[in-house]
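Lettering follows sequence order; numbering is per chain, from 1.
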2 protein chains.
Amino acid sequence: MNCLSVAPIQSSHPPASRTRSSAPRIALDSIDLEILKNLQQDGRISKSQLAERVNLSASACFERMRRLEQQKLILSYHANINVRVLAQYEVFFAELTLKSHRIYDFDRFERHVAKLGPVAECYALGGGIDYLLKVITTDIESYQEIIEDLLVADIGIERYCTYICTKMVKTTGGIPLQAVL
Amino acid sequence: MNCLSVAPIQSSHPPASRTRSSAPRIALDSIDLEILKNLQQDGRISKSQLAERVNLSASACFERMRRLEQQKLILSYHANINVRVLAQYEVFFAELTLKSHRIYDFDRFERHVAKLGPVAECYALGGGIDYLLKVITTDIESYQEIIEDLLVADIGIERYCTYICTKMVKTTGGIPLQAVL
DNA sequence: TGGTCTGCCGAATTTAGTTCGGCCAGCGGG
DNA sequence: CCCGCTGGCCGAACTAAATTCGGCAGACCA
């Protein structure tokens, strides 16, 4: 039973293109791409070092970097913190299905979960389930509380299914540039 | 059918504690925590600005930051790139089950998928399925190729199930500190 | 009390960030 | 063909940040 579920995307889902159409493709030269790749790898590299790596003067590199930030090609910078050393936490995945599929039902649900701190990620899916949530809490009890809060919040959840993460085999921050360019 | 699946973690799974025990908890004072939170939010803030925010002199802040990096509490820094503007891509989630659950089977599978560039994330799960993969490719065809490569690679996959992401409702980089401290 | 240790401050120095003027190549119009 | 415009680059000059260093103050212990 290999259910490659590409087809049955509920038509009432906010289409993916809505999110995407707001961002028309931009053409960059190879130096800009190199800058982006370097900053994705090392977000705190100095501008002068970066200039060396892409074979540019510091000032030229400075201008390009500022342009990339202004054009919102670089959205933000983040430190990757070793949280495991600081605190106990558990990662859960919850698959959810809604009772009905009007655009209002999706919006209500999405606005609700987006506000929840422990909900680290939320994806609308095609193929049998409506949403996948990644929830991070200190322990199972806190997770259960969040689920119960969701169920009593009257945001149209029909059913859910939880998987607990027992090992993070691979994690990368964001989209691997080399895989999509 | 609300299947909160906490219990049946296969005993042959690498126990989560194995990954965690190598990282004994470290106690930090409130200033260190403030530094970490600020750097998680803005990974490229200048050390002098950071010093202001946490009410420290630049040199004291400098020493703390260097210590946090040396202690591997700060693992890395990354720029968040607006990839949607650069390239077309699709996000897929694949749930996989292995044919048999010896430690060797898990290791072989994990080593294989960890090497694949389009596999952005991989989690071992408890509760009916063995692994959840997040795969990012340019289109459905590329995804299908990756799946087929996995199936012919003879790494013990019994079955899989794909969900395509139609909307990224919420994404955060990493673990939300305020949710687990 | 005296010694040691830790973490902080602030001055001094080194390095990086930023601005600016000028150069050069490419382009389009007279 | 020549002219002027433009965009992007370089490098010098300046400003700001990073880093080093000496010394001070409080905590701790003998």
Query raised in the report: Does OP1 or OP2 of D:dA18 have a side-chain N or O of B:Ser48 closer than 4.0 Å?
Result: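 Checking B:Ser48 against D:dA18: at least one side-chain N or O falls below 4.0 Å of OP1 or OP2.
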
Report task. Using a cut-off of strictly less than 4.0 Å, decide whether A:Arg67 has a side-chain nitrogen or oxygen near OP1 or OP2 of D:dG8. Result -> no

Quickly work out the [X] [atom1] to [N] [atom2] distance and round it to whole Å.
X: A:Ile31; N: D:dG8; atom1: CD1; atom2: P; answer: 11 Å
X: A:Arg66; N: C:dT18; atom1: CZ; atom2: C1'; answer: 9 Å
X: B:Leu50; N: D:dA18; atom1: CG; atom2: P; answer: 9 Å
X: A:Met65; N: D:dC9; atom1: CE; atom2: P; answer: 15 Å
X: B:Arg64; N: D:dA18; atom1: CZ; atom2: P; answer: 17 Å
X: A:Glu52; N: D:dC10; atom1: CD; atom2: C1'; answer: 15 Å
X: A:Gln49; N: C:dT15; atom1: CD; atom2: P; answer: 13 Å

Query raised in the report: Quick one: does NZ or CZ of B:Arg84 land under 6.0 Å from the six-membered ring centre of B:Tyr89, within 45 degrees of the ring axis?
Result: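 Yes; both conditions hold, so B:Arg84 lies above the ring face of B:Tyr89.
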
Report task. Please report the C-alpha distance between A:Phe109 and A:Tyr131 in whole Å, then the side-chain angles of each, then the deciding distance to 0.1 Å, and finally whether the ring-ring contact (aromatic ring centres under 6.0 Å, His included) criterion is met. Result -> CA-CA 10 Å; A:Phe109 175 83; A:Tyr131 290 102; 4.4 Å; yes

Minimum-distance nucleotide (side-chain atoms of [X] versus [options]):
X: B:Phe62; options: D:dT20, C:dC8, C:dT19; value: D:dT20
X: A:Lys47; options: C:dG7, C:dT19, C:dG17; value: C:dG17
X: B:Ser46; options: C:dT18, C:dC9, D:dA17; value: D:dA17
X: B:Glu63; options: D:dG11, D:dC9, D:dC21; value: D:dC21
X: B:Arg44; options: D:dG11, C:dG17, C:dC9; value: C:dG17

Query raised in the report: Is there a donor and acceptor pair closer than 3.5 Å between the side chain of B:Ser57 and the base of C:dG10?
Result: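 Such a pair does not exist between side chain and base.
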
Report task. Flag the pair A:Asn38 / A:Gln41 as yes when at least one side-chain heavy-atom distance between them is below 4.5 Å, and no otherwise. Result ->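 A side-chain contact under 4.5 Å is absent here.
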
Query raised in the report: Should the heavy atoms of other residues, nucleotides or ligands under 6.0 Å from CD of B:Gln71 be counted, would the total exceed 12?
Result: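 Atom CD in B:Gln71 is crowded, with more than 12 foreign heavy atoms closer than 6.0 Å.
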
Report summary line: The single option from A:Val135, A:Leu133, A:Leu132 that satisfies side-chain contact (heavy atoms from CB on, under 4.5 Å) with A:Cys122 is A:Leu133

